[in-house]
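Presented below is the structure to which this report refers.
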2 protein chains.
Amino acid sequence: MRTGEVAERAGLNIQTLRYYERRGLLAKPARSNGGHRLYPDETVALLQVIKAAQRLGFSLDEVAGLLEAGRRHPAPGLRQRAVDKIAEIDRKIADLASVRATLAEVVEARCDSLTDCTCPDCPLPVVTGAAQEAGEA
Amino acid sequence: MRTGEVAERAGLNIQTLRYYERRGLLAKPARSNGGHRLYPDETVALLQVIKAAQRLGFSLDEVAGLLEAGRRHPAPGLRQRAVDKIAEIDRKIADLASVRATLAEVVEARCDSLTDCTCPDCPLPVVTGAAQEAGEA
DNA sequence: CGTAAGCCTGTACCCGGGTACCGGATGCAA
DNA sequence: TTGCATCCGGTACCCGGGTACAGGCTTACG
């Protein structure tokens, strides 16, 4: 398969394929006599794996490491990395939840300004009416 | 207060203050005769508001809009933006939760490779053993 | 065999959110 | 008044994850 076809099937830009190759996520593929890349069919599946791992919250560097580690099994560290990533996700969820709670209070309390809210028991962070002069462009 | 003091109290880099000024988050402050910025005390509080809003998931552009909108109250749209942001956060939390579930399954099932897992009932996305050849740098 | 579509490399650019460095000017205290 | 810390504007760079473009070569189809 040629770049265009792989890119289309995987739903990626051609440039992105070459980018992944540079980043070490994709092996250097075979070439035609003329120098065009020729990918094996499995590449599409591999790209799906990469995208899935990205969705799982891994950075490209992390994905590269995971693929590298996973190439010879038993993959040393795949499980551990998943466990670590779960902890990271739990932290993110907790952060978002507290943010959500604050926003819900903002809505609930009918705050009318970020900097100079007049609502009673304003939930907005510790401003207590001092910042309203400082932002006037 | 001079830049350095404001920066230190707010826990920001001086460059960041000037960056915020360029971005319209901070009003252009008064200047000394020699041209040095002189900030009112409230600026520190305003910066805390900005940081808080960032933590609430707003981008700098959004924060600028919020401050702009909030400067004359009743702030048209603050509540609405908060409601929208809550929906966005709920979507993010749902995504993270599903990601977490997948990772938990990976751990549970003792997957041993991203691309070539030999565990039974592998939860990894649809790869079914086809991608293992495609990534070998 | 001609021609258009597709691919090649290299380089530069995009976004958001900053951060660093430069040479020169100021501020403040001794 | 001198000397050092601080600040000035401007510009360039960082990260991650791509995307775009130019100029030239290859491949496939009729």
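A, B, ... follow the sequence lines: proteins, then strands. Residue 1 opens every chain.
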Under a 4.0 Å heavy-atom cutoff, the residues of residues 1-17 of chain B touching DNA chain D are B/Arg2, B/Thr3, B/Gly4, B/Ile14
Is it true that A/Leu47 and A/Ile14 fall in one hydrophobic cluster, defined by side-chain heavy atoms closer than 4.5 Å? no
Whole angstrom value for the distance that separates P of C/dT26 from CZ of B/Arg31: 13 Å
May I have the distance from B/Arg23 (atom CZ) to C/dT19 (atom P), rounded to whole angstrom? 13 Å
Select from A/Asp61 and B/Gly34 the residue whose nearest nucleotide in DNA chain D is closer to the 5' end of that strand. B/Gly34
DNA chain D: B/Leu38 or A/Ser59, which has the more 5' nearest nucleotide? B/Leu38
Checking A/Lys85 against A/Glu88 for the salt bridge (Lys or Arg N to Asp or Glu O under 4.0 Å) test, could you report, in this order, the C-alpha distance in whole Å, the side-chain angles of both residues, the deciding distance, and whether it holds? CA-CA 5 Å; A/Lys85 191 56 73 172; A/Glu88 194 180 318; 3.3 Å; yes
Chain B footprint on DNA chain D, 5' to 3' - any atom under 4.0 Å from a heavy atom: D/dT6 to D/dG10
Determine yes or no for a side-chain-to-main-chain donor-acceptor pair under 3.5 angstrom, with A/Arg100 supplying the side chain and B/Ile86 the backbone. no
Applying side chain to side chain donor-acceptor pair (under 3.5 Å), which residue pairs with at least one partner in residues 3-14 of chain A are found, sequence neighbours left out? A/Glu5-A/Arg9
Measuring from A/Gln54:CD to A/Glu62:CD, what's the distance to the nearest 0.5 Å? 10.5 Å
Shortest non-hydrogen contact from A/Lys51 toward A/Ala10: NZ-O, 2.7 Å
On DNA chain C, check which nucleotide each of B/Phe58 and B/Ser32 is closest to and give me the residue with the more 5' one. B/Phe58
So which of B/Thr43, B/Leu25, B/Leu12 actually passes side-chain contact (heavy atoms from CB on, under 4.5 Å) with B/Leu17? B/Leu12
Does A/Arg37 make a side-chain N or O approach to OP1 or OP2 of C/dT9 shorter than 4.0 Å? yes
Would you indicate whether A/Glu108, at its atom CD, is surrounded by more than 12 heavy atoms from other residues, nucleotides or ligands within a distance under 6.0 Å? no
